[in-house]
Chemist: 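Let me begin by handing over the structure; questions about it come next.
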Amino acid sequence: MNKTIDINLAGMLFHLDETAYHKLRKYLNAVRTSLQQQEDVDEVMNEIEARIAELLGEKQAHPKQVINDKNIDEIIAVLGEPEDYEEAVEEPASSKSYKIKKGLFRDMDKSVFGGVAAGFAHYLGMDISLMRILFVVLLFFSHASFGLIYLLLWIVIPRAKTASDKLRMKGEKVNLDSIVDQVSTDEPSDKKKINLGAKLENSTQEFGQVFVRIIGLLIALITGSILLTLIVSALSLTSMSDMHIFVMNTPFYEGIHMPFGWLNSIAFILLGFPVALLFLLGIKMLFPNTKSIGKNIFLIGGTIWFLTLVFSIVKATSLISHKNESAKIISEQKILPYKTDTLFLSMDKHILPQNNRYNANRRIHFYVSASEDNAFHLQIEKKSEGIDVPEAKIKAENILYTYKLDSLQPKVLFSNKLLYPNKDFVQDHEVLVRIFVPNQKYLKMSNAVSNHTYRYYCQGNNVLKNENGKIICEDNGTSSDDDQEEETRNDEVIRINGKNVNIKITDEGLDLFTDDDSNKRAHIKIDENGIHTKLYQINAKESKKETK
């Protein structure tokens, strides 16, 4: 089993087994010995090493492939042995120079403005002066638009930097003796003519390098700050954090049915992975020699991110699609067995059944209408949303809502919450309770029920009366619309319903209702008469505070 040795040729890293390494080293030492009579030995050796690096790169299927001694033999066969060079220098130049497939390069040694014309002249086998005349003609007849093409060619076509590039540009074989010849004929770098094109290109390259590093610094600073914020946020979102408590109490989270830690991880992956890639890009632009992340790490991270994205899209689509249609069912219609003039309505959380397979919300609405006979009527409607009407009806049927008739007094006790299956979204469900009051009879509501009866505001008395088919507040005779169905005012009412907060906006003003788990409730009404507020406890007989 051979040992692997890493070497650097012309700025490129290669992995050679021990046999190949010693063979290549012996070959390079032999070449240097054969070139001792040359004046530019170091420059020639640099060119030869650059050519060997090119050939090694062509033989690599991937950057981590190990070069063996057979690959070195193939490269030596292309370049030739040092003895071949010593024999070749005694032969005429024509015997060692023959044409091969040319490469298109910009000739900076014979350039005036970028070397594009000279490069095309070599590639097409034309005289350089004739090619320049052709370019000028094209520029004239194209009304200067060819100038843009010239600039594009300048950017796209590489310049011939090394002796190997210059030989391929001329279509000559690239081996030891041709490289030596080319280096010998090149002018020393300190005597080379610096033309306008070379000056402009060098200045552009320097400016481009500085610009790229500035952009890299900005990208690294911005994305680094974002990445640090994401990490701190992900670690700080514990079960006791304010953000965790806020998210846990939103309708959105209740519809996801996912542990908070999972949701936190998904958000971090979706945002963190692309930000981390941008951060590494900025570092690479700022420090070009920085080692890139491994391909395997990139593939694993990208796969995780892609699967997370697909899961999030599917989850979000399911949450949106379930609200395509709505349906309402009448779950119960009942004649209440009370012959008194006044019916009392109240709420009690203790009558709510306990079921671990269900969640609860407070989307309960009371509507009061005139009865067509001399009896109090109760009607309960359940409303839900789903992908289609049949599914919405099934979900409505699965809503659990309870009430209790008091046997000692004319009073109906309603649950303050409804129950819905854990798998459903919180805002899919609501319950509509309709009370029908006979003519000249009264409906007395607790503050809790009054908060859910948005159509009436009786300034604390909470007593409604059927006055010849009109439902009015008993204390001031304020009239209400005689609508029998909720839909008759849908275009005039905007409702925003949350778990513990309900908002109603009409042409007459704004009503905001809120409560908490300690049985405290508040009602704020804003209309043309000013701002009215009520603060009270559930089932309190009178408001503890009323301001106007």
Side-chain angles (χ1 to χ4, degrees), residues 242 246 249-252 345-347 349 361-370 383 414 416-418 426-427 429-435 437 442-467 470-548:
D242 292 338
F246 172 77
N249 288 302
T250 58
F252 170 77
L345 303 182
S346 184
M347 276 188 163
K349 65 179 180 180
N361 75 29
R362 299 178 184 271
R363 300 190 68 196
I364 304 165
H365 311 295
F366 287 84
Y367 296 90
V368 183
S369 300
K383 183 179 179 181
F414 294 94
N416 67 338
K417 295 180 180 179
L418 63 89
V426 64
Q427 289 193 339
H429 315 286
E430 62 181 314
V431 168
L432 312 177
V433 179
R434 298 186 184 274
I435 304 296
V437 181
Y442 301 88
L443 186 68
K444 174 66 175 179
M445 300 177 293
S446 69
N447 290 323
V449 175
S450 177
N451 285 341
H452 293 269
T453 311
Y454 302 133
R455 192 170 294 179
Y456 308 98
Y457 180 71
C458 297
Q459 298 184 358
N461 194 20
N462 296 336
V463 178
L464 299 177
K465 178 182 180 182
N466 180 352
E467 185 71 46
K470 292 253 185 208
I471 302 300
I472 64 172
C473 292
E474 191 271 341
D475 59 341
N476 56 14
T478 303
S479 176
S480 173
D481 290 336
D482 186 26
D483 301 317
Q484 297 299 315
E485 296 294 335
E486 174 192 6
E487 290 79 2
T488 57
R489 293 185 59 173
N490 275 350
D491 57 343
E492 301 176 16
V493 179
I494 298 175
R495 299 185 187 278
I496 303 173
N497 300 312
K499 185 175 181 181
N500 296 319
V501 177
N502 296 282
I503 300 173
K504 172 190 171 185
I505 303 173
T506 67
D507 293 338
E508 298 176 357
L510 178 145
D511 289 272
L512 186 147
F513 304 87
T514 181
D515 51 28
D516 58 26
D517 293 334
S518 62
N519 294 337
K520 292 182 179 179
R521 298 182 180 250
H523 175 205
I524 301 175
K525 181 176 181 64
I526 303 174
D527 58 18
E528 60 183 5
N529 297 320
I531 301 176
H532 312 273
T533 64
K534 292 195 299 182
L535 305 174
Y536 47 82
Q537 292 288 128
I538 294 178
N539 296 328
K541 291 184 178 180
E542 295 181 357
S543 299
K544 291 186 175 182
K545 182 177 180 181
E546 181 174 340
T547 60
K548 182 176 180 180

Chemist: Side chains of Val463 and Cys473: closer than 4.5 Å at any heavy-atom pair?
Modeler: no
Chemist: Flag the pair Leu464 / Val437 as yes when at least one side-chain heavy-atom distance between them is below 4.5 Å, and no otherwise.
Modeler: no
Chemist: Between OG1 of Thr453 and OH of Tyr367, what distance do you get to the nearest 0.5 Å?
Modeler: 9.5 Å
Chemist: Please report the closest heavy-atom contact between His429 and Arg363, naming both atoms and the distance.
Modeler: O-CD, 3.5 Å
Chemist: Does Asn416 reach the side chain of Ile364, with side-chain heavy atoms less than 4.5 Å apart?
Modeler: no
Chemist: Applying the side-chain contact (heavy atoms from CB on, under 4.5 Å) test to Asn451, which of His523, Arg362, Met347, Met445 qualifies?
Modeler: His523
Chemist: Search all heavy atoms of Asn462 against all heavy atoms of Ser450 and return the closest pair with its distance.
Modeler: OD1-OG, 3.0 Å
Chemist: Side chains of Ile503 and Asp511, heavy atoms from C-beta outward: is any pair under 4.5 Å?
Modeler: no
Chemist: Apply side chain to side chain contact (heavy atoms under 4.5 Å, CB included) to residues Leu345 and Ser446 and explain how you reach the verdict.
Modeler: CA-CA 6 Å; Leu345 303 182; Ser446 69; over 6 Å; no
Chemist: Atom NE2 of His365 and atom CZ of Arg434: how far apart are they, to the nearest 0.5 Å?
Modeler: 11.0 Å
Chemist: Measure the CD1-CD1 distance between Ile531 and Ile526 for me, rounded to the nearest 0.5 Å.
Modeler: 5.0 Å
